[in-house]
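The figures here come from the full heavy-atom set of this structure, side chains too, leaving out hydrogens, waters and symmetry mates.
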Amino acid sequence: MRCGRSPGCCAGLKDWRDWAQVSIGGSPWLGHDPGPEVEVVGDDLRVWQDGGPDRHHGRWAGVHIDLPHRALPGLLAGAQRDLVGFLDALSGWAARVGLEQRGTALVDAIDRNFAITAPLDVQPSR
């Protein structure tokens with residue numbers, strides 16, 4: 001059964017740190033059906049719309065994006081900066097609307113659940 005969304009319906013922003021696995025040969029969870037995955041091809045990361053045996057047949061045959069492997073650490077650092085900026089904006093909003101300790105708890109919960117401010121360990125690119 002197809003879930004009707006691309007590239008995968010179950011992967012989300014909460015999983016942003018999983019992309020660091022690519023630097024050590026892994027692939028982040030990108031959802032299921034059509035089954036996207038990441039493959040290392042030379043100096044590039046090839047992100048497939050549908051991986052495995054369906055990579056070359058069916059609706060998503062050949063659909064992929066190539067990304068220079070060396071770009072990944074900078075992209076992840078940029079994502080972290082943007083998420084920290086979101087936390088700052090959320091904290092400011094919470095203060096403006098008078099949430100006080102509940103606002104702080106909200107920001108802390110989002111930070112904890114999305115692992116935003118924790119150190120980012122991305123292996124150097126090849």
Side-chain angles (χ1 to χ4, degrees):
M1 177 174 144
R2 287 204 145 358
C3 57
R5 299 173 94 193
S6 295
C9 62
C10 299
L13 183 59
K14 185 174 181 181
D15 305 315
W16 73 277
R17 283 180 173 269
D18 293 351
W19 279 89
Q21 295 175 24
V22 174
S23 293
I24 57 171
S27 180
W29 169 248
L30 299 175
H32 59 79
D33 204 7
E37 68 181 0
V38 178
E39 170 188 33
V40 176
V41 178
D43 291 333
D44 291 334
L45 301 173
R46 182 162 288 170
V47 183
W48 288 93
Q49 173 70 24
D50 198 0
D54 293 330
R55 200 177 270 174
H56 301 291
H57 345 46
R59 181 176 179 194
W60 305 109
V63 178
H64 67 274
I65 296 170
D66 288 337
L67 168 74
H69 194 272
R70 70 183 176 283
L72 185 61
L75 291 170
L76 286 172
Q80 186 177 38
R81 278 189 304 273
D82 290 348
L83 290 167
V84 167
F86 171 77
L87 287 179
D88 290 344
L90 180 61
S91 180
W93 170 82
R96 282 190 308 279
V97 299
L99 291 180
E100 299 170 2
Q101 288 180 333
R102 291 178 299 162
T104 300
L106 173 64
V107 171
D108 290 347
I110 290 174
D111 183 17
R112 187 175 49 257
N113 283 288
F114 284 77
I116 295 171
T117 60
L120 180 60
D121 182 23
V122 180
Q123 299 298 315
S125 58
R126 308 180 305 140

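- Residues satisfying the side-chain contact (heavy atoms from CB on, under 4.5 Å) criterion with E39, sequence neighbours excluded, are V41, R46, W48, R55.
- In terms of heavy-atom proximity, V122 sits nearest to A20 at CG2-CB, 4.2 Å.
- A pairwise comparison of heavy atoms in S27 and Q21 identifies O-OE1, 3.4 Å as the closest pair.
- Here side-chain hydrogen bond (donor to acceptor under 3.5 Å, both in side chains) pairs that include residues 109-120, with residues two or more places apart or in two chains, are D111-T117.
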Identify every side-chain donor-acceptor pair in residues 80-104 under 3.5 Å, counting partners at least two apart or on other chains, and give the distances.
from: Q80; atom 1: NE2; to: I116; atom 2: O; distance (Å): 2.7
from: Q80; atom 1: NE2; to: A118; atom 2: O; distance (Å): 3.0
from: R96; atom 1: NH1; to: G92; atom 2: O; distance (Å): 3.2

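- Rounding to the nearest 0.5 Å gives a distance of 11.5 Å between CG of D66 and CG of D43.
- The shortest heavy-atom contact between P36 and G31 is CD-O, 3.8 Å.
- By the neighbour-count criterion of 12 heavy atoms within 6.0 Å, atom CG of L75 is densely surrounded, having more than that number from other residues, nucleotides or ligands.
- Shown here are the side-chain contact (heavy atoms from CB on, under 4.5 Å) partners of V22, two or more places apart in sequence or in another chain: W19, P28, V38, L45, H69, L72.
- In this structure a side-chain-to-backbone donor-acceptor pair under 3.5 Å is present from W16 to F114.
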